[in-house]
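Quick notes on the structure that follows.
Note: hydrogens, waters and symmetry copies are ignored here, and every other heavy atom, side chains too, is used. Numbering starts at 1 and runs along the sequence shown.
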Amino acid sequence: MKKLDSSVAHSVQSLSSAHRGQLKLFKNRVYSLKGILSSQFVFFRMPKVASQSIKQALDKNHGVKSTVIPHAFSPKTVRNILKLKSGSFRFSFVRHPYSRFVSAYKWATRENIDPAQYPLDIEQYKIVTSYPNMAAFAKDLADGKLLNSNRLLHFIRQSDWICDGDTSLVDYVGKLEQLDSSLTELKNAGLTLDLSYGANSKTSSPMQPIADPKLLAEQLNLSHDLVLSLNKYYAQDFKLYNYEIKE
């Protein structure tokens, strides 16, 4: 009887977490829709591109009205929001696909995920950890064999979020590897962010971002097969954001 009670309690807890997750998504959507129509600056929070640090810098800037669009939405929802006509300046940041993929993989396979805080990450964890290693997961991702890849929010192509085909839906795309010059460009557009590369609330000792594909592959210990999979899956990101690939 105790075992049954425990099972029922777990099911109720799971349903409660799912309900809270859906409610949070609804509130975020309303916030984003209102914000993009009334805010001076709109930032799409690209997964695994120092988005937490950028959000914190925005929160500290009380001189401008800004809105952050979360990546908890599907890419289609984000694109539809960004297509809304308004006078806001819209921006996001991107990162070399090699380092972003590794960062996403580490995040997706972390232990003890809080279902209340990260309900979508639970499903992602189950999918990614069903593979024996990073290369096997990346191969199926590149070959289109993951039918539920829409749940892998941190691995979705950067261009899928903020582009309609080859057309950008944001006014400016900064690069993590060129943070200083990107912040200068934003300052010229009227937004000053107090931001420097370093530790944040999620990462205590982040790796210094580099864009050289050979150095990245060596530093991240990427196998040849893994590199080929990443080159294939993120081909549009390499093309649109001028990142080099390792042959």
Side-chain angles (χ1 to χ4, degrees), residues 44-51 53-54 71 75 78-79 91-110 124-125 127-170 172-185 197-198 203 205-247:
F44 170 64
R45 188 174 177 172
M46 188 71 72
K48 307 316 296 176
V49 189
S51 57
S53 297
I54 298 170
H71 54 248
V78 172
R79 292 195 303 269
F91 72 99
S92 189
F93 274 74
V94 295
R95 181 180 186 178
H96 195 289
Y98 293 172
S99 59
R100 179 174 177 263
F101 175 85
V102 172
S103 178
Y105 187 87
K106 290 179 179 179
W107 177 253
T109 57
R110 71 196 188 279
Q124 182 173 248
Y125 175 86
I127 296 169
V128 178
T129 57
S130 69
Y131 287 86
N133 53 54
M134 191 185 300
F137 165 68
K139 187 177 188 309
D140 271 8
L141 187 66
D143 291 343
K145 294 182 179 179
L146 289 171
L147 300 180
N148 47 6
S149 60
N150 61 316
R151 298 180 182 178
L152 303 171
L153 295 179
H154 295 87
F155 297 93
I156 292 173
R157 302 173 189 87
Q158 295 165 108
S159 52
D160 284 354
W161 298 101
I162 58 175
C163 289
D164 186 5
D166 288 350
T167 304
S168 179
L169 299 175
V170 294
Y172 179 71
V173 178
K175 285 188 173 183
L176 185 60
E177 298 85 2
Q178 301 170 4
L179 183 60
D180 289 343
S181 60
S182 295
L183 293 177
T184 298
E185 292 290 339
Y197 192 79
T203 308
S205 55
M207 183 178 67
Q208 186 67 26
I210 56 177
D212 184 289
K214 292 182 179 180
L215 288 177
L216 269 178
E218 180 180 345
Q219 190 177 67
L220 299 171
N221 196 28
L222 305 182
S223 69
H224 178 67
D225 289 342
L226 177 53
V227 166
L228 291 180
S229 294
L230 298 182
N231 291 350
K232 178 180 178 180
Y233 182 68
Y234 293 109
Q236 187 75 343
D237 284 358
F238 284 109
K239 170 188 171 184
L240 293 180
Y241 305 121
N242 297 314
Y243 281 116
E244 295 182 8
I245 65 173
K246 181 179 183 293
E247 301 292 349

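Counting heavy atoms from C-beta on, the side chains of Arg95 and Glu177 come closer than 4.5 Å. Counting heavy atoms from C-beta outward, Leu146 and Ile127 have side chains that approach closer than 4.5 Å.
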Where do His71 and Val78 land on the side-chain contact (heavy atoms from CB on, under 4.5 Å) test, with the steps shown first?
CA-CA 8 Å; His71 54 248; Val78 172; over 6 Å; no

Carefully, step by step, assess Leu216 and Val102 under the rule side-chain contact (heavy atoms from CB on, under 4.5 Å).
CA-CA 10 Å; Leu216 269 178; Val102 172; over 6 Å; no

Show your reasoning for whether side-chain contact (heavy atoms from CB on, under 4.5 Å) applies to Tyr234 and Phe155.
CA-CA 10 Å; Tyr234 293 109; Phe155 297 93; 3.9 Å; yes

Check step by step if side-chain contact (heavy atoms from CB on, under 4.5 Å) holds for Leu226 and Phe101.
CA-CA 11 Å; Leu226 177 53; Phe101 175 85; 4.1 Å; yes

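In plain terms, the two heavy atoms of Ser51 and Arg45 that are nearest each other are CB-CG, 3.1 Å. Among all heavy-atom pairs drawn from Lys175 and Phe93, the shortest one is N-CD2, 3.8 Å. Nearest heavy atoms, Val173 versus Ile162: CG2-CD1, 4.0 Å. Between Ala138 and Ser229, the shortest heavy-atom contact is O-CB, 3.7 Å. Nearest heavy-atom pair across Cys163 and Tyr241 is SG-OH, 3.5 Å. Annotation for Asn231 and Lys246: closest pair ND2-O, 3.0 Å, computed over non-hydrogen atoms.
Residues meeting the salt bridge (Lys or Arg N to Asp or Glu O under 4.0 Å) test with Lys139, sequence neighbours left out: Asp143. For the side chain to side chain contact (heavy atoms under 4.5 Å, CB included) test, residues two or more places apart in sequence or in another chain that qualify with Thr184 are Asn188. Annotation: side chain to side chain contact (heavy atoms under 4.5 Å, CB included) contacts of Asn133 (sequence neighbours excluded): Ala135, Ala136. Residues passing the salt bridge (Lys or Arg N to Asp or Glu O under 4.0 Å) test with Asp166, sequence neighbours excluded: Lys239. Here Thr129 pairs with Thr109, Tyr125 under the side chain to side chain contact (heavy atoms under 4.5 Å, CB included) rule; sequence neighbours left out. With sequence neighbours left out, Lys106 forms a salt bridge (Lys or Arg N to Asp or Glu O under 4.0 Å) with no residue at all. Every ring pair (Phe, Tyr, Trp, His ring centres under 6.0 Å) that Tyr131 has, sequence neighbours left out, goes to Phe137. Applying the ring pair (Phe, Tyr, Trp, His ring centres under 6.0 Å) rule to Tyr98 yields the partners His96, Phe238; only residues at least two apart in sequence or on another chain are considered. Not counting sequence neighbours, the partners of Arg151 by the side-chain hydrogen bond (donor to acceptor under 3.5 Å, both in side chains) test are Glu123. Listed by chain and residue number, Trp161 satisfy the ring pair (Phe, Tyr, Trp, His ring centres under 6.0 Å) test with Phe44 (two or more places apart in sequence, or in another chain). Under the salt bridge (Lys or Arg N to Asp or Glu O under 4.0 Å) criterion, Asp160 pairs with Arg157, not counting sequence neighbours.
Rounding to the nearest 0.5 Å gives a distance of 10.0 Å between CG of Leu147 and CG of Asp140. We find the NE2-CD distance between His224 and Glu247 to be 9.5 Å, quoted to the nearest 0.5 Å. Atom CG in Asn221 sits 9.0 Å away from atom CE in Met134 (nearest 0.5 Å). Here the CD atom belonging to Gln236 is positioned 11.5 Å from the CD atom belonging to Gln158, to the nearest 0.5 angstrom.
Listed by first and then second residue, the salt bridge (Lys or Arg N to Asp or Glu O under 4.0 Å) pairs involving residues 214-225 amount to none (not counting sequence neighbours).
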